[in-house]
Amino acid sequence: MKTIKKSRTRLEKAHISLRVNGESVEVAFAPHKTLLEVLREDMGLTGTKHGCELGECGCCAVLVDGQPVLSCLALGLAMEGREVTTVEGMADGTSLHPLQQTFAELGAAQCGYCTPGFLLTAKVLLEKDAKPSRQEIKEALSGNICRCTGYIKIYEAVELAAARMRGEQAEPAEETIYGRQ
Amino acid sequence: MAGSNGSGRKNLKVIGKPFHKVDVKAKCTGEALYADDLTLPRMLHCKLLRSSVPHARIVKIDTSRAEAYPGVKYVLVGKDLPTSFGALPVSEDEHALCIEKVRFVGDPVAAVAAIDEDVATEALDLIDVEYAPLPTITSMQEAYDVSDPRIHEYGEDGNIHRKQIYEFGSVEAGFAAADYVREDITFYEGSTHLALEQHASLAHYSHDNKLTLWSSTQDMHYLHRHLAQVLQIPTNKIRVIATPCGGGFGGKCDPFNHEIVVSKLAMILRRPVKICLTREEVFYCHRGRHPVLMATKTGFKKDGSITAMHHRTILDGGAYGGHGVASTFYTGILQTTTYQLPNYRFEAVRVFTNKAPCGPKRGHGTPQPRWAQEIQMDRIAEQCGKDPAQMRWEQAVLPGHVTANWIKISTFALREAIDKVVEGSGWKKKFRKLPYGKGIGIACSAYMCGTQTPIYWNKMPQSGVQLKLDRSGMVTIFCGSAEIGQGSDSILAYCVAEVLGIDPFDTKVVTGDTDLTPVDIGSYSSRVTLMTGNAAIQAAERAREFLRQAVAEKLQVPGERLVFADRRVFDGENPEKGMTFIEAVWLAESKFGTLGTVGSYSPPAAPGKFKGATIGPSPAFSCTAAIAEVDVNPETGIVTVERIWIAHDIGQAINPVLAIGQVEGDVYMGLGEALMEDMAYRGNRNVVMKNPSFLEYKSPTTLEMCDVVTYLVGEPEPNAPFGAKEAGQGPQLPVPPAIANAIYDAVGVRIDEIPITPDKVLKAIKLKAKGLEGRVGPTVFPTCPMPEAIVVPTPYDGGDGKAIEDKAALAKK
Ligand code: FES
Ligand code: FES
């Protein structure tokens with residue numbers, strides 16, 4: 001028989017200030033919580049998803065000070081004074097980020113569950129490199145798993161968004177939309 | 001000719017165009033709410049205690065310490081939910097929580113509802129379960145050998161769940177007419193869906209005694225019925241809402257323990273109760289690909305034409321029935337749908353083992369026999385000295401064919417598909433001509449668009465759609481289908497918009513809610529586009545008639561001259577004369593009162609009349625040809641798939657960009673199963689699953705995924721909405737055998753079991769270097785006594801679709 005457990009002493013809530021999606025906020029939460037849990041449970045930002053909560057799937061990626069971070073592996077407490085961006089903060093005011101637009105256009109989001117993680121990871125890639133090669137895109141996104149798309153439409157959406165962000169009047173290739181003839 | 005479902009229509013404005021999906025912006029912005037994103041006031045959290053042993057009697061469960069733990073509201077055990085259930089009526093062998101026995105590591109035995117997840121998790125440690133261990137059954141062979149203890153008290157005998165045996169025509173005569181006969185034994189390992197979203201459910205029981213369950217499910221209609229059965233409350237007191245599903249692939253088709261448990265807890269406590277499974281628990285829910293061992297004996301002539309096939313399969317079903325009886329049928333019944341096959345015998349056995357239960361995964365039961373058939377076709381071609389692409393082209397099923405087992409094929413562009421990939425890949429310049437280590441291989445397949453019968457027998461439609469039109473100009477489409485990422489919500493909008501001449505985004509699609517939406521039996525069997533599409537078209541055409549009459553009267557134009565397009569209704573001979581769509585709705589609402597229409601779909605009757613004849617037939621069959629080009633490193637055995645060319649007969653794509661997305665997803669999943677995915681157990685150590693995590697269960701990342709060149713081919717299918725056939729499952733099937741055949745072309749070895757891991761390739765290369773057979777794969781096929789076959793004469797030998805026994809019985813009467 002296992003030893004009788006006493007009720008765990010509940011620690012007092014932690015209270016931090018940070019910036020989330022461009023706004024200063026304060027939040028109180030149980031101090032053992034991950035950033036993923038704080039965002040979803042204490043701030044109502046459920047756009048950030050989870051597929052493993054062990055740092056293995058990339059679903060929960062958010063940006064901390066502009067860098068992709070697996071929110072299931074980051075402690076909420078470590079976010080004091082940091083700048084966090086989630087999928088809810090990707091759009092620029094009323095207009096979608098070009099990546100959100102191209103993911104929608106090309107069906108790069110099927111079930112959509114992996115999508116927030118891919119969008120944020122790709123956003124950082126395009127901020128660093130305006131014209132990444134297909135291989136560079138693959139490498140940048142290799143920590144994000146998608147079980148629906150086979151990744152092809154995701155690459156094509158990243159490439160299309162990159163072209164538009166460079167100011168080109170880019171349209172998807174015929175083959176992307178109708179297949180090879 | 002234009003069918004009533006628009007399958008031959010020209011001048012399409014919406015169909016065939018790359019509109020974005022109606023729900024995709026919500027999914028790209030975080031607005032879409034999946035099951036675990038939902039919270040309700042006073043909500044409690046649930047956790048399940050799962051068995052730590054693979055096979056045991058439950059001697060005692062003591063929940064008193066857990067109940068006393070601060071924050072715990074209730075502890076539920078098996079006897080609180082005594083009614084059994086299961087996906088199929090023939091195998092209702094599950095309980096929401098185990099009562100007398102546990103059957104695999106992960107089988108749930110108790111559930112805790114508590115104020116938060118942490119308290120619920122901690123309380124699980126305080127539930128004392130005493131187990132009396134039983135010997136375990138860990139393999140097909142053991143299931144054959146050990147009849148005591150039985151994992152279940154039902155089934156054929158011992159640990160054999162199900163035997164099926166059919167003979168169409170005479171394989172003996174077919175083999176006698178053959179120039180060659182060969183038998184190959186092959187194995188396809190089990191794999192799991194690994195949908196990104198962990199299963200989650202939220203239940204609420206209101207003070208007017210109505211239960212609402214939000215759940216990540218593909219089949220809310222069946223779930224609705226199972227909840228009523230187990231909770232013992234009427235279906236009209238239960239509302240099931242299918243939340244946007246973060247990936248299904250068949251893994252969210254079964255009714256699950258956790259869905260029933262949170263419902264029961266919500267009823268007991270009258271508080272909302274939520275559960276979200278951990279990733280490890282998702283592996284225990286499983287219901288994925290059955291491991292299947294196959295022996296395929298085929299007779300053929302020198303030109304490669306097949307005279308007979310005798311195909312035997314054994315399925316390792318895991319601990320429960322689930323959809324397994326259907327899976328068993330599917331390891332054989334579609335073997336006749338790709339190539340001409342005049343005589344066919346099929347024997348299948350499904351066994352129980354103490355592992356997580358298997359079930360339907362993308363292609364349900366069919367990728368395994370396709371694998372066996374397509375790697376054998378490669379050998380047959382070699383034996384006949386024929387090009388395997390050319391031989392497949394010659395033997396391909398043609399449109400209008402009726403198979404030996406009475407499956408009617410309508411449109412079927414397999415030859416066109418083969419031509420496309422052969423040309424696109426440069427096959428003729430590459431096959432058997434690439435340098436050592438580089439190879440190319442081909443495989444084909446066919447797949448159904450929905451099945452003849454629903455899971456429980458009834459004469460009601462498989463799919464229903466209701467439309468509401470009103471003075472707002474909004475057209476609301478209600479349908480019970482479940483959007484699992486495949487785009488089923490959008491298909492409804494596109495079909496209705498095309499018929500009514502409006503923009504798809506002028507509609508509102510309401511799906512997956514048993515209180516609001518007419519029944520559709522669920523997202524499985526590649527049935528949704530065909531069936532909900534046909535129902536939607538019927539409802540929209542009925543609505544168009546109301547508008548047509550009202551507008552014709554107003555404009556004094558004959559109704560048949562009116563055209564519905566570009567958000568207008570106008571005289572086709574004088575397009576100026578007309579009105580906007582919304583004005584047409586006002587007129588119709590004024591003339592007829594409140595506007596609403598319905599549409600339904602039931603598949604046509606199957607031509608076969610023998611027992612089991614309704615499993616396999618489908619309103620339409622898609623088909624696919626795939627060519628893989630690979631690089632095999634002979635030093636390491638590592639296989640890199642460089643590119644796959646794939647041509648899929650979809651009929652007419654309702655939305656090409658979404659169809660291609662499905663095909664690419666199929667290639668991806670086929671690649672994963674071919675090279676790495678594996679539900680692995682430690683047979684000798686407690687039958688525990690080896691790799692229940694994203695890290696240990698290998699699946700392709702961006703770095704393993706190959707390039708894909710997709711061709712959509714075919715003619716509009718008359719039985720399908722605007723001619724559209726399926727794309728979500730069929731294109732996966734030829735991918736693993738195409739890769740295996742390419743490996744043979746590259747290094748001259750045959751790997752006859754999935755997954756093709758580097759160690760197997762290396763072993764085969766070494767065997768070959770020693771002058772032995774360069775092959776890795778199973779060599780023995782265990783047998784067990786089989787009953788008499790159901791013998792059915794084929795259409796080619798004058799059969800009428802009935803079995804011979806049936807005739808004898810009829811004569812006696
Ligand atoms: S949930 Fe964080 S990586 Fe999977
Ligand atoms: S879109 Fe479903 S997992 Fe990527």
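Within every chain, numbering begins at 1; the chains are lettered A, B, ... in the order of the sequence lines, protein sequences first and strands thereafter.
Chain B is approached within less than 4.5 Å, heavy atom to heavy atom, by A:Val87, A:Glu88, A:Leu96, A:Gln100, A:Gln101, A:Phe103, A:Ala104, A:Glu105 from residues 78-105 of chain A, ordered by number. The contact list for residues 170-181 of chain A toward chain B, using heavy atoms and a distance under 4.5 Å, reads A:Glu175, A:Thr176, A:Ile177, A:Tyr178, A:Gly179, A:Arg180, A:Gln181 by residue number. Using a 4.5 Å heavy-atom cut-off against chain B, the contacting residues of residues 35-63 of chain A are A:Arg40, A:Glu41, A:Thr46, A:Gly47, A:Lys49, A:His50, A:Gly51, A:Cys52, A:Glu53, A:Glu56, A:Cys57, A:Cys59.
Across all their heavy atoms, A:Ile152 and B:Cys706 have their closest contact at CD1-O, 3.6 Å. B:Leu658 and A:Gly107 make their closest contact through CD2-CA, 4.4 Å (heavy atoms, listed as atom of the first residue, atom of the second, distance). When all heavy atoms of B:Gly247 and A:Cys111 are compared, the pair lying nearest together is N-CB, 3.3 Å. Nearest heavy-atom pair across B:Glu197 and A:Tyr113 is CA-CE2, 3.4 Å.
Here the side chains of A:Lys153 and B:Ile660 are in contact, with some heavy-atom distance below 4.5 Å.
Counting only distance, with no hydrogens or angles, the side chain of B:Lys21 and the backbone of A:Ala109 share a donor-acceptor pair below 3.5 Å.
Per-residue heavy-atom pair counts under 4.5 Å with chain B were compared for A:Arg147, A:Gln110, A:Gln135, and the maximum is reached by A:Arg147.
Every residue two or more places apart in sequence or in another chain that forms a salt bridge (charged side-chain N to carboxylate O under 4.0 Å, His left out) with B:Glu117 is listed here: B:Lys47.
B:Ile484 touches chain A through its backbone: at least one of N, CA, C or O sits under 4.5 Å from a heavy atom, while the side chain does not.
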